[in-house]
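Report on the following structure.
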Amino acid sequence: MLKLLIIILITVILPYRSFAADGVAVNGKDSLTKTEREFMVLPFGYYTTETSVALGVFSQLKFNEKDRIFGNIIYTFNNQLMFFMISDYYPENIIIHNKLVAENYFAEAYGVGNMSSPEDKYDYRYVIIENFLETGISIYKNSSAFIATDNFYYRPYDDDKAALLYSSSPDQFANGIGLSIKYSDVTDRFFRDGLLCRAGYLYYPESFGNLKKFSVLESEAAYFVSFRESVLNSHFIARSSYGDPHPEKLSALGGSEVLRGYPSGRFTDKCMWAAQIQYDIRFYKDLSLCSFVSAGDVFGNLSGITIKYTKVGYGGGFLYDYKGLTVRMEAATSREKEIQIIVT
């Protein structure tokens with residue numbers, strides 16, 4: 001069913017000022033000039049049959065070419081709140097990446113496994129606060145190694161069947177620690193080029209205050225190649241969880257990132273794989289058109305891998321790049337024929 005959607009984007013550019021003069025080194029790095037340092041704000045609003053009227057703000061605070069904070073906050077007239085903030089900081093030879101998420105929101109669940117039906121859907125509400133931190137160093141050219149921590153708090157409402165089956169506790173925690181490695185020579189311009197490879201492992205022991213012990217192994221690879229004012233990019237991701245993971249830590253397909261064309265969390269299980277190919281082409285100045293096709297599946301363990309139940313999604317839309325802040329609006333669908341509107 002097509003969801004009605006109205007988007008309003010207003011760009012407000014506010015100069016970011018600091019006490020450093022133009023070209024003066026800050027924390028060992030050359031600072032940007034005052035004309036380049038900016039605090040960008042993009043207010044927006046939309047309406048869907050599920051969320052009612054929603055108001056939000058994209059924002060980015062850029063300190064220099066590498067150090068920046070990006071955030072997004074959305075509030076709907078159904079009393080839903082969603083906030084996330086991503087920070088990247090490079091003091092001296094250290095690399096720090098942090099992602100903070102806070103939500104009081106509604107979601108849909110369909111049960112576990114790749115054979116779940118749309119008729120199995122039920123709605124539930126939850127509160128989640130999660131902070132994921134990676135601290136690392138560059139080990140060789142474009143390669144980095146990190147120590148990672150994940151601090152996760154979850155409070156289910158009475159209609160959250162999966163979480164309440166996992167534990168009757170009203171306050172559910174998942175605190176993990178692990179390692180990750182990353183290689184990237186991807187350029188930072190609008191039409192990117194390069195290769196990205198990443199792998200990470202997180203362990204959630206009971207001694208960290210977790211309800212049950214589990215671990216998560218994740219890997220991804222992406223390749224970008226630009227030509228004639230366009231770019232072709234491919235992305236592959238695989239994820240496996242072991243032990244007894246919290247329902248929100250299961251591998252999931254669907255939503256705005258993995259297997260677009262299906263609702264968020266449409267398929268969940270302990271393991272998953274997904275692949276996507278996307279083509280972007282410049283339409284006018286910083287406005288580009290895009291089309292994509294993606295495929296993937298979930299399964300209970302590695303022995304359950306098969307292409308027989310592979311899910312496929314496809315769609316298109318446009319991307320707008322403003323001084324390094326990219327906003328995208330897309331429409332995607334799948335074999336289930338429901339159209340998903342994606343705005344990020």
field: Arg198-Ser184 side chain donor-acceptor pair, cut-off 3.5 Å
entry: no

- prompt: Does the side chain of Gln172 reach to within under 4.5 Å of the side chain of Pro156, using non-hydrogen atoms?
  reply: yes

query: Can you check side chain to side chain contact (heavy atoms under 4.5 Å, CB included) on Phe299 and Thr306, steps first, answer last?
result: CA-CA 9 Å; Phe299 42 95; Thr306 177; over 6 Å; no

query: Under the salt bridge (Lys or Arg N to Asp or Glu O under 4.0 Å) test, which residues partner Arg125, sequence neighbours left out?
result: none

Donor + acceptor pair across side chains of Tyr90, Asn64 (<3.5 Å): no

query: Side chains of Ile86 and His97: does their closest heavy-atom pair fall under 4.5 Å?
result: yes

task: Using the rule that two of Ile, Leu, Val, Met, Phe, Trp, Tyr join whenever any of their side-chain heavy atoms come within less than 4.5 Å, decide whether Val57 and Ile69 are in one cluster.
output: yes

- prompt: Is it the case that Asn301 and Ser303 place a side-chain donor and acceptor less than 3.5 Å from each other?
  reply: yes

message: Taking the side chain as everything from C-beta on, heavy atoms only, tell me whether Tyr279 gets closer than 4.5 Å to Leu289.
response: no

message: Could you measure the distance from the CG atom of Asp269 to the CE atom of Met115? Nearest 0.5 Å is fine.
response: 12.5 Å

field: Heavy-atom neighbours of Leu232 CG exceed 12 at 6.0 Å
entry: yes

message: Contact between Leu133 and Phe146 at the side-chain level, heavy atoms closer than 4.5 Å - yes or no?
response: no

- prompt: Does Asp193 have any salt bridge (Lys or Arg N to Asp or Glu O under 4.0 Å) partners at least two apart in sequence or in another chain, and if so, which?
  reply: Arg189

query: Does one hydrophobic cluster hold both Ile139 and Ile94, with members joined at side-chain heavy-atom distances below 4.5 Å?
result: yes

message: The criterion is ring pair (Phe, Tyr, Trp, His ring centres under 6.0 Å); which residues satisfy it with His246, sequence neighbours excluded?
response: Phe152, Tyr154, Tyr166

query: Does Phe318 reach the side chain of Leu287, with side-chain heavy atoms less than 4.5 Å apart?
result: yes

field: Between CZ on residue Phe214 and CG on residue Leu250, distance to nearest 0.5 Å
entry: 9.0 Å

- prompt: So does Tyr140 have more than 12 non-hydrogen atoms from other groups sitting under 6.0 Å from OH?
  reply: no

Verdict with reasoning, Ile281 to Glu229, per side chain to side chain contact (heavy atoms under 4.5 Å, CB included): CA-CA 6 Å; Ile281 184 169; Glu229 297 296 300; 5.6 Å; no

query: Under the side chain to side chain contact (heavy atoms under 4.5 Å, CB included) criterion, do Asp88 and Lys66 qualify, and how do the steps go?
result: CA-CA 7 Å; Asp88 291 300; Lys66 290 187 175 182; over 6 Å; no

- line: The single option from Asn131, Ile128, Asp171 that satisfies side chain to side chain contact (heavy atoms under 4.5 Å, CB included) with Tyr153 is Asp171

Between OG1 on residue Thr135 and CD1 on residue Ile96, distance to nearest 0.5 Å: 5.0 Å

message: Under the rule for ring pair (Phe, Tyr, Trp, His ring centres under 6.0 Å), what residues qualify as partners of Phe292, not counting sequence neighbours?
response: none

task: State, yes or no, whether a side-chain contact exists between Gln276 and Leu259 at a heavy-atom distance under 4.5 Å.
output: no

message: Could you work out, with salt bridge (Lys or Arg N to Asp or Glu O under 4.0 Å) as the rule, every residue matching Asp123, not counting sequence neighbours?
response: none

query: In the single-linkage hydrophobic clustering (I, L, V, M, F, W, Y; side-chain heavy atoms under 4.5 Å), do Ile237 and Tyr309 co-cluster?
result: no

field: 4.5 Å side-chain heavy-atom contact, Met272 and Val258
entry: yes

query: Out of curiosity, does Leu42 fall in the hydrophobic cluster containing Met82 (side-chain heavy atoms, cut-off under 4.5 Å, transitive links)?
result: yes

- request: Evaluate whether atom CD1 of Ile73 has more than 12 neighbouring non-hydrogen atoms of other residues, nucleotides or ligands under 6.0 angstrom away.
  value: yes

message: Could you walk me through whether Phe58 and Phe70 satisfy the side chain to side chain contact (heavy atoms under 4.5 Å, CB included) test, starting with their C-alpha distance in whole Å, then the side-chain angles of each, then the deciding distance to 0.1 Å, before giving a yes or no?
response: CA-CA 8 Å; Phe58 292 109; Phe70 171 75; 4.0 Å; yes

field: Ser334 side chain to Glu336 side chain, donor-acceptor N/O pair below 3.5 angstrom
entry: no

field: Contact check, side chains of Leu319 and Glu330, non-hydrogen atoms, under 4.5 Å
entry: yes

- request: Let me know which of Thr310, Leu253, Asp297 forms a side chain to side chain contact (heavy atoms under 4.5 Å, CB included) with Asn114.
  value: Asp297

- request: Please determine if Lys161 forms a cation-pi arrangement with Tyr122, meaning its NZ or CZ atom is less than 6.0 Å from the six-membered ring centre and no more than 45° off the ring axis.
  value: yes

task: Name all residues meeting the salt bridge (Lys or Arg N to Asp or Glu O under 4.0 Å) criterion together with Lys212; count only those two or more places apart in sequence or in a different chain, and write none if there are none.
output: Asp244

query: With a cut-off of 6.0 Å (strictly less than), are more than 12 heavy atoms of other residues, nucleotides or ligands near CD1 of Ile307?
result: no

message: Return the CD to OG distance between Gln278 and Ser294, rounded to the nearest 0.5 Å.
response: 9.5 Å

- request: Decide, yes or no, whether a salt bridge links Asp150 with Lys249 under the criterion of side-chain N to carboxylate O below 4.0 Å.
  value: yes

- request: Please state whether the rings of Tyr262 and Phe267 are parallel, tilted or perpendicular, taking 30° and 60° as the class boundaries.
  value: perpendicular

